[in-house]
Amino acid sequence: MRPTFLFDTKRPWPWLLIAAVVKTVTFLYFIDHNHASARGDHFALDFGDTWSYLDPIEHLIAEGSYTPDHRMPGYGAPYFLLRMVQDPDHAKNTLVVLQLVLSVLALYSTARLASHLSGRPWAFVATFSVLCACMFVSAFDPQLATESFCASSIVLMLHTLLIGSRESSVVWLLISGLFLAWCVFLRPICALIPLTIAFALLLRSETGLRERARSCLVVFLPFLVLESTWIVRNHQVHGGFSPL
C-alpha cells in the first residue's frame, strides 16, 4: 500500500518527523566529527568567533553593559534569555538545540515554498529529499555561530510572508517581519533583503495600493522599531550615528 502522506504534502507532521530524524542524526554526526571544539562542559561547538557573540552577553549580565559590541545582538538575544534561567554551559546547549528545531521547520518550509512557486506538488517531495541529503547547513546546527539561525530565519520569513500575503493576515505578516528583523540583526548583510521584499509586496497586482502599503508597513514595523532602538543606544554609547 502506498504511504498516503507522500501524496498529501500539506500535512506537516509526518514530514516534520522525517526532517527531525534526519536533522538529529546529522546533528549528532557533526558533534562527533567536527573541526570546531566544545570548550567547557557543553556539547555545543565553539566556533572561531563564538566569543564575539556571547561574551558581550556575559558582560551585560555581570556588568550591565553590552561590551565589546563588535556584533549586533541578534545571536546574543536568545542566549541572553536562556542565561536568565540557565548557567552558561546549559544555555549554549539549549541554544544549538533551538538551532536544530528551527532548521527542521525551515526544511519543511523550503519544500512548501518550492511547491507553491512551481505550482507542482512533486516539487515538495523533490526539494524535501534534496535538503535532507544536503548536509551543508546541517553542519552549522550544532555550532555557536549565526549561520544556522540566519538560514532558518530567512526561509521562515519568506514562508510566513507568503501565508500573510495570501490570507491578508496582519499576524502572519508581523511574524514575517520579526523573522526579517532577526536575520538582519544576526547578519547585517541581510539588510539588503527588505528592498526585495518591498518590491514584492508593492508590485502585487491582486490588491490595491493602500493594502500593499499597509502590508509593507506591518512587515517592516519590527525592524524599524528594533533598529531605531539600536541606533539610539549606539548614539548614547558611541556618540554617533551607527546603524547596523
Side-chain angles (χ1 to χ4, degrees), residues 1-50 53-54 74-75 77-79 81-83 85-118 120-160 179 182-183 186-187:
M1 182 180 296
R2 297 186 304 177
T4 57
F5 74 85
L6 287 177
F7 303 92
D8 186 8
T9 59
K10 293 183 180 180
R11 293 178 57 199
W13 296 114
W15 296 99
L16 287 172
L17 180 59
I18 295 174
V21 171
V22 171
K23 284 284 190 177
T24 300
V25 169
T26 55
F27 183 86
L28 296 175
Y29 171 84
F30 283 115
I31 287 178
D32 192 48
H33 302 76
N34 67 85
H35 297 291
S37 62
R39 303 184 182 94
D41 297 324
H42 56 269
F43 58 76
L45 303 178
D46 297 88
F47 209 54
D49 53 1
T50 296
Y53 296 109
L54 303 187
Y75 196 73
Y79 179 71
L81 296 176
L82 292 172
R83 282 288 286 112
V85 295
Q86 294 180 317
D87 60 66
D89 286 320
H90 285 93
K92 290 175 182 178
N93 288 340
T94 304
L95 192 63
V96 295
V97 170
L98 290 176
Q99 290 177 180
L100 172 63
V101 171
L102 284 188
S103 187
V104 169
L105 295 176
L107 192 157
Y108 173 79
S109 289
T110 305
R112 293 287 296 128
L113 284 168
S115 178
H116 170 77
L117 294 174
S118 66
R120 300 180 182 277
W122 62 261
F124 175 96
V125 179
T127 303
F128 186 92
S129 301
V130 168
L131 291 176
C132 282
C134 178
M135 304 179 77
F136 178 75
V137 176
S138 297
F140 292 102
D141 290 341
Q143 294 185 11
L144 293 164
T146 59
E147 279 79 1
S148 179
F149 271 155
C150 189
S152 296
S153 63
I154 291 174
V155 171
L156 295 171
M157 178 269 295
L158 291 173
H159 195 188
T160 51
F179 279 120
W182 190 30
C183 73
L186 284 165
R187 298 183 73 85

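Hydrogens, waters and symmetry mates play no part in the numbers below; they use all other heavy atoms, side chains included. Note that this is a predicted model, so its numbers are computed, not measured.
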Closest contact, heavy atoms only, [X] versus [Y]:
X	Y	value
S148	D141	OG-OD1, 2.6 Å
I31	P142	CG1-CB, 3.6 Å
A151	V137	CB-CG1, 4.3 Å
Q99	A145	OE1-O, 3.5 Å
V155	S109	CG1-CB, 3.7 Å

How many angstroms lie between atom [atom1] of [X] and atom [atom2] of [Y], to the nearest 0.5 angstrom?
X	Y	atom1	atom2	result
L107	S138	CG	OG	7.5 Å
D87	N93	CG	CG	9.0 Å
L156	W182	CG	CH2	8.5 Å
R187	Y75	CZ	OH	12.0 Å
F149	L144	CZ	CG	9.5 Å
L95	Q86	CG	CD	10.0 Å

Notebook entry, point to check: Yes or no on side chain to side chain contact (heavy atoms under 4.5 Å, CB included) for F43 and V97, after CA distance, side-chain angles and deciding distance?
Noted result: CA-CA 10 Å; F43 58 76; V97 170; 4.3 Å; yes
Check: L105 and L16: side chain to side chain contact (heavy atoms under 4.5 Å, CB included), yes or no, with the steps?
Finding: CA-CA 7 Å; L105 295 176; L16 287 172; 4.0 Å; yes
Donor-acceptor contact present, side-chain [X] to main-chain [Y], <3.5 Å:
X	Y	result
T26	K23	yes
T110	A106	yes
S115	A111	no
T50	F47	yes

Check: Could you go step by step and tell me if M135 and F30 meet the side chain to side chain contact (heavy atoms under 4.5 Å, CB included) rule?
Finding: CA-CA 10 Å; M135 304 179 77; F30 283 115; 3.8 Å; yes
Next item on the list: May I ask you to test the L54-K92 pair for a side-chain heavy-atom distance under 4.5 Å?
Entry: yes
Next item on the list: Verify side chain to side chain contact (heavy atoms under 4.5 Å, CB included) between L98 and L82, making sure each step is shown before the conclusion.
Entry: CA-CA 11 Å; L98 290 176; L82 292 172; 4.2 Å; yes
In residues 122-134, what donor-acceptor pairs under 3.5 Å come from side-chain atoms, sequence neighbours left out?
| from | atom 1 | to | atom 2 | distance (Å) |
| --- | --- | --- | --- | --- |
| T127 | OG1 | A123 | O | 2.8 |
| S129 | OG | V125 | O | 2.8 |

